[in-house]
Amino acid sequence: MFGQLGQFRVTFGPLGRLFWKCVPESLFLSGLYLGAPKQVHIVSLPVDPTIVSGFAAGNGRKQSIEIVLAQNALLARSVLLPKAAIAKADEAISVQMRQTMPAAAKGLIWRSAFSGMKAQSAEFKVFILKQSQIEDVIGQFERVKLSVHSISIENTKTEPLWNRHIDRIAKRRFWLGGSIIAVLLAALSTVIVKERQVAELEDLAEQTRSRLGVMQDTLVSAREAATKAQIAAETLAQDLALFRSQSQRLAIIADLTESLPDTIWISELTISGEQLSMSGFASGDVADVVEVLQGLAWARSVQLEGPINFDSYSGQNRFQLRIQVTPLQAGL
């Protein structure tokens, strides 16, 4: 237990550094060996809970472990670099990852290993996994009181994916004098308090994440409802505009039917925007037809289109008119 005091420098942050400033190392005697961490080989992610519980039962609590991930447990991809870029392969691979991976590779961790030369290019094998997967693995082991020293990739010479940077100090000093017992008890009580605070903060963070998830789901539902409502409103506006336009056209046709005398027969009628084109036959003078149309409230101007022809078959004058309609009646 005494040999593990060297870990306080890392695990307790500012409080640990203050401890070692106040308590000189001369109070400890050398001779207790911390021991190398035990390796745990993981072949797939997420880690099977039975592996974690089984390792904890067989090695006891507070055991420091080194997790070794099989290559098949990670996403692997090949990257080709020019020979000139080999000296800065890490930077070049990082640029490629951020350019090709979703969300600019945010939340991802990768390590690259040189595979060999391929034509005029150097081939690197890149192993990729999510930062959240690292955190999940660490959390699984630390929940059963196993301290994770590092996480590395099997059969590669790459840097570890994660390293706690625990000081490997071989010897520590034994206690001198009864005063050190009080210091140790104070340190242990601080550990307990900090662990409780960390647990409370983790619970609070989990509750906050849950609330954020609910709020995000609510926001998505509200956006979908607003989009549907907007589409429905636009559709209704289009239907109303079409109804108004068609109803005004019906009013024009009804007005023509009521105003034109029986001596007029319309063969073709087209309404387009502010223009009305009309072709037909008149048994009398076509000028009378123009005069009648000019008297209508919605007719801005009435003009003949082409000459007036006498139709020998029907014995009537054939004409074609163009009428400019006011914007109100044209539905504009």
Side-chain angles (χ1 to χ4, degrees), residues 1-20 32-71 73-75 107-111 127-154 156 158-170 172 184-210 212-213:
M1 180 174 64
F2 298 155
Q4 294 182 358
L5 288 174
Q7 299 179 15
F8 289 178
R9 298 183 181 185
V10 175
T11 55
F12 296 135
L15 183 61
R17 290 191 292 271
L18 178 62
F19 173 82
W20 286 107
L32 189 61
Y33 178 66
L34 286 174
K38 291 190 176 182
Q39 286 191 350
V40 181
H41 291 265
I42 304 298
V43 297
S44 64
L45 294 175
V47 182
D48 188 348
T50 59
I51 296 177
V52 179
S53 58
F55 192 87
N59 294 274
R61 296 184 175 183
K62 298 297 183 182
Q63 172 67 49
S64 180
I65 62 172
E66 178 184 356
I67 298 175
V68 180
L69 299 177
Q71 294 184 12
L74 290 81
L75 175 64
L108 298 181
I109 299 176
W110 59 85
R111 295 291 183 269
F127 301 94
I128 310 166
L129 79 165
K130 297 180 180 178
Q131 175 68 39
S132 59
Q133 291 177 297
I134 292 287
E135 296 172 356
D136 291 342
V137 171
I138 296 172
Q140 282 186 274
F141 283 93
E142 293 194 343
R143 279 193 290 271
V144 294
K145 308 301 181 182
L146 293 173
S147 177
V148 180
H149 171 269
S150 63
I151 300 177
S152 57
I153 305 173
E154 186 179 23
T156 63
T158 61
E159 293 183 1
L161 293 165
W162 184 86
N163 194 332
R164 191 183 292 275
H165 302 291
I166 299 176
D167 293 336
R168 294 294 184 186
I169 302 176
R172 285 295 180 195
L184 177 61
L185 293 176
L188 292 176
S189 64
T190 302
V191 172
I192 295 174
V193 171
K194 289 298 180 181
E195 287 183 347
R196 289 180 178 176
Q197 290 177 349
V198 169
E200 292 175 356
L201 289 175
E202 289 178 350
D203 292 340
L204 180 60
E206 183 62 29
Q207 294 174 7
T208 302
R209 285 192 291 268
S210 299
L212 286 175

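Along the sequence shown, residues carry numbers from 1. Values in this document were obtained by computation on a predicted structure and should not be read as measured data.
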- Residue pair W162 / I67, side-chain heavy-atom distance below 4.5 Å: no

- Item | Spatial distance of atom CG (L45) from atom CG (L69) [nearest 0.5 Å] | 5.5 Å

- Message: Any non-hydrogen side-chain atom of P37 less than 4.5 Å from a side-chain atom of I65?
- Response: no

- Hits for side-chain contact (heavy atoms from CB on, under 4.5 Å) against L185, two or more places apart or cross-chain, chain-then-number order -> I181

- Message: List the residues meeting salt bridge (Lys or Arg N to Asp or Glu O under 4.0 Å) with E206, not counting sequence neighbours, and say none if there are none.
- Response: R209

- Message: Quick check for you: to the nearest 0.5 Å, what is the distance between Q197 atom CD and E202 atom CD?
- Response: 12.5 Å

- For N163 and P160, the nearest pair of non-hydrogen atoms, with its separation, is ND2-CG, 4.2 Å

- Query: What residues form a side chain to side chain donor-acceptor pair (under 3.5 Å) with E142, not counting sequence neighbours?
  - Reply: R164

Determine all donor-acceptor pairs shorter than 3.5 Å in which one atom belongs to a side chain in residues 131-140; sequence neighbours excluded.
unit_1, atom_1, unit_2, atom_2, d
Q133, OE1, K130, N, 2.8
Q140, NE2, V47, O, 3.1

- Query: Going from CD1 on I153 to CG on L161, what distance comes out if it is rounded to the nearest 0.5 angstrom?
  - Reply: 4.5 Å

- Identify, with sequence neighbours excluded, every residue that meets side chain to side chain donor-acceptor pair (under 3.5 Å) alongside T156. T158

- Message: Looking at every heavy atom in both V43 and A70, which two are closest together, and how far apart are they?
- Response: CA-CB, 3.9 Å

- Please report the shortest heavy-atom distance between H149 and S64, naming the atom on each side. CB-OG, 3.6 Å

- Message: I'd like to check L75 versus F127 (side-chain heavy atoms, cut-off strictly below 4.5 Å). Are they in contact?
- Response: no

- Task: Look up atom NZ in K38 and atom CG in L146, then write down how far apart they are to the nearest 0.5 Å.
- Result: 10.5 Å

- Message: Are the side chains of V40 and F141 in contact, using a 4.5 Å heavy-atom criterion?
- Response: yes

- For the residue pair Q71 and E154, what are the closest heavy atoms and their distance? NE2-O, 3.1 Å

- Task: List in chain and number order the residues that pass side chain to side chain donor-acceptor pair (under 3.5 Å) with E159, two or more places apart in sequence or in another chain; answer none if no residue qualifies.
- Result: none

- Which heavy atom in S189 sits nearest to a heavy atom in A186, and how many Å separate them? OG-O, 2.6 Å

- Rounded to the nearest 0.5 Å, what's the gap from OG on S147 to CD on E66? Could you check? 12.5 Å

